[in-house]
Engineer: 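Sending over a structure as structure tokens; questions will come in a sec.
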Amino acid sequence: MGSNTKKIIFIVLGTFIFLALLFVSYRNFKIKSMYKKKYDAVMSKDPQGKKEYSKTLHAGIEDMNSLAVSELVTQLAKWEKAKKFLEKDITLAKLATTFNSNTKYLSLVIYHYRKKNFIPYINDLKIDFMVEALKNSKQLQQYTNTALAEESGFSSTQRFATAFKTRTGMPTPYFIEELKKEEAKVVK
């Protein structure tokens, strides 16, 4: 190979590597930008995470006794307020037993009044709790994902990490990093 050929190969490889690094940097910037938007959205939400839910009946609910529905909704609200959702291994069957109901009715009530299926409902309660706890506790901000998963009642770190990203749109470490940045601004 001549020296001109080597120079051309070197230039082509250098250009390719430069463009690949540029692409990776741009992609990383876009991801961080998206996370920042999601972080701002999470921080601007109602601090208690409370939502108003429709109380009109839909298919399945109208078959139930309205007194039974009302009782289940009341029990569910008390259960949420007592933060019983932080217990590990909550199942629809266990919760239905606690409420002296059956899984079908309880599932319909949760779907109708909380607009979610059971597992996303429980996960969202746990993540909303943890988001508020992280906002208010510098000590929790030092915890690992494993410890945060334990604190919020998840059975595994992976389930916690997945639920956190699903609910907030960003990974836990990014959220904590942004909280620390905000606190540092306030201190100055």
Engineer: Report yes if the side chains of Val42 and Met170 come closer than 4.5 Å at any heavy-atom pair, otherwise no.
Structural biologist: yes

Engineer: Show the nearest heavy-atom pair for residues Glu151 and Leu140, with the distance to one decimal.
Structural biologist: CG-CD2, 4.2 Å

Engineer: Only one of Thr172, Leu179, Thr168 clears side-chain contact (heavy atoms from CB on, under 4.5 Å) with Val131; which?
Structural biologist: Thr168

Engineer: Roughly how far, to the nearest 0.5 Å, is OG1 of Thr98 from CD1 of Ile90?
Structural biologist: 9.0 Å

Engineer: So do the side chains of Phe160 and Met130 get within less than 4.5 Å of each other, counting heavy atoms only?
Structural biologist: yes

Engineer: Parallel under 30°, tilted from 30 to 60°, perpendicular over 60°: which one fits the rings of Phe85 and Trp79?
Structural biologist: perpendicular

Engineer: For Ala93, does its backbone N or O pair with a side-chain atom of Thr97 as donor and acceptor, under 3.5 Å?
Structural biologist: yes

Engineer: A side-chain contact here means heavy atoms from C-beta on lying under 4.5 Å apart; do Asn117 and Pro120 qualify?
Structural biologist: yes

Engineer: Under the side-chain contact (heavy atoms from CB on, under 4.5 Å) criterion, do Arg114 and Glu80 qualify, and how do the steps go?
Structural biologist: CA-CA 12 Å; Arg114 300 303 189 254; Glu80 291 170 4; 2.9 Å; yes

Engineer: Would you find more than 12 non-hydrogen atoms of other residues, nucleotides or ligands less than 6.0 Å from Lys180 atom NZ?
Structural biologist: yes

Engineer: Provide the closest heavy-atom pair for Ser152 versus Leu86 in the form atom of the first, atom of the second, distance.
Structural biologist: O-CD2, 3.6 Å

Engineer: Going through the distances and angles, do Glu132 and Asn136 end up as a side-chain contact (heavy atoms from CB on, under 4.5 Å)?
Structural biologist: CA-CA 6 Å; Glu132 287 305 311; Asn136 299 317; 4.2 Å; yes

Engineer: Looking at Gln141 and Leu134, what are the two nearest heavy atoms and their distance?
Structural biologist: NE2-O, 2.8 Å

Engineer: Are side-chain N/O atoms of Thr146 and Glu150 paired as donor and acceptor at under 3.5 Å?
Structural biologist: no

Engineer: Run Tyr35 and Lys165 through side chain to side chain donor-acceptor pair (under 3.5 Å) and show every step you take.
Structural biologist: CA-CA 10 Å; Tyr35 287 164; Lys165 189 167 185 182; 3.2 Å; yes

Engineer: Do Phe118 and Thr103 come close enough that some side-chain heavy atom pair is under 4.5 Å?
Structural biologist: no

Engineer: I'd like to know if Glu182 pairs up with Lys135 as an ion pair, taking the criterion as any Lys NZ or Arg NE/NH1/NH2 lying under 4.0 Å from an Asp or Glu carboxylate oxygen.
Structural biologist: no

Engineer: For Lys36, I'd like to know if atom NZ has over 12 heavy atoms of other residues, nucleotides or ligands within 6.0 Å.
Structural biologist: yes

Engineer: Is the Phe175-Phe164 ring centre distance short of 6.0 angstrom?
Structural biologist: yes

Engineer: For Phe154, does the six-membered ring have the charged nitrogen or CZ of Lys88 within the cation-pi criterion, i.e. under 6.0 angstrom from the centroid and within 45° of the normal?
Structural biologist: no

Engineer: Would you say NZ of Lys84 has more than 12 non-hydrogen atoms from neighbouring residues, nucleotides or ligands within 6.0 angstrom?
Structural biologist: no

Engineer: Return yes when atom CD1 of Ile31 has more than 12 non-hydrogen atoms of other residues, nucleotides or ligands closer than 6.0 Å, and no otherwise.
Structural biologist: yes

Engineer: How far does CG of Asn4 sit from CD1 of Ile11, to the nearest 0.5 angstrom?
Structural biologist: 9.5 Å

Engineer: Considering non-hydrogen atoms only, spot the tightest contact between Arg159 and Ser156 and give its length.
Structural biologist: N-OG, 3.1 Å

Engineer: To the nearest 0.5 Å, tell me how far Phe23 CZ sits from Arg27 CZ.
Structural biologist: 6.0 Å

Engineer: I need the Ser107 OG to Lys104 NZ distance, nearest 0.5 Å.
Structural biologist: 10.0 Å

Engineer: Hey, what do you get for CD1 (Ile17) to CG (Leu22), rounding to the nearest 0.5 Å?
Structural biologist: 13.5 Å

Engineer: Between atom CZ of Phe10 and atom OG of Ser3, what is the distance when rounded to the nearest 0.5 Å?
Structural biologist: 13.5 Å

Engineer: Of all heavy-atom pairs between Lys116 and Asp124, which one has the smallest distance, and what is that distance?
Structural biologist: NZ-OD2, 3.0 Å

Engineer: Show the nearest heavy-atom pair for residues Ser101 and Leu106, with the distance to one decimal.
Structural biologist: OG-N, 4.2 Å

Engineer: Contact between Leu72 and Leu76 at the side-chain level, heavy atoms closer than 4.5 Å - yes or no?
Structural biologist: no

Engineer: A side-chain contact here means heavy atoms from C-beta on lying under 4.5 Å apart; do Leu148 and Ile176 qualify?
Structural biologist: yes

Engineer: Can you confirm whether the side chains of Tyr39 and Glu177 place a donor and an acceptor under 3.5 Å from each other?
Structural biologist: no

Engineer: Using a 4.5 Å cut-off on heavy atoms from C-beta on, say whether the side chain of Tyr174 contacts that of Lys32.
Structural biologist: yes

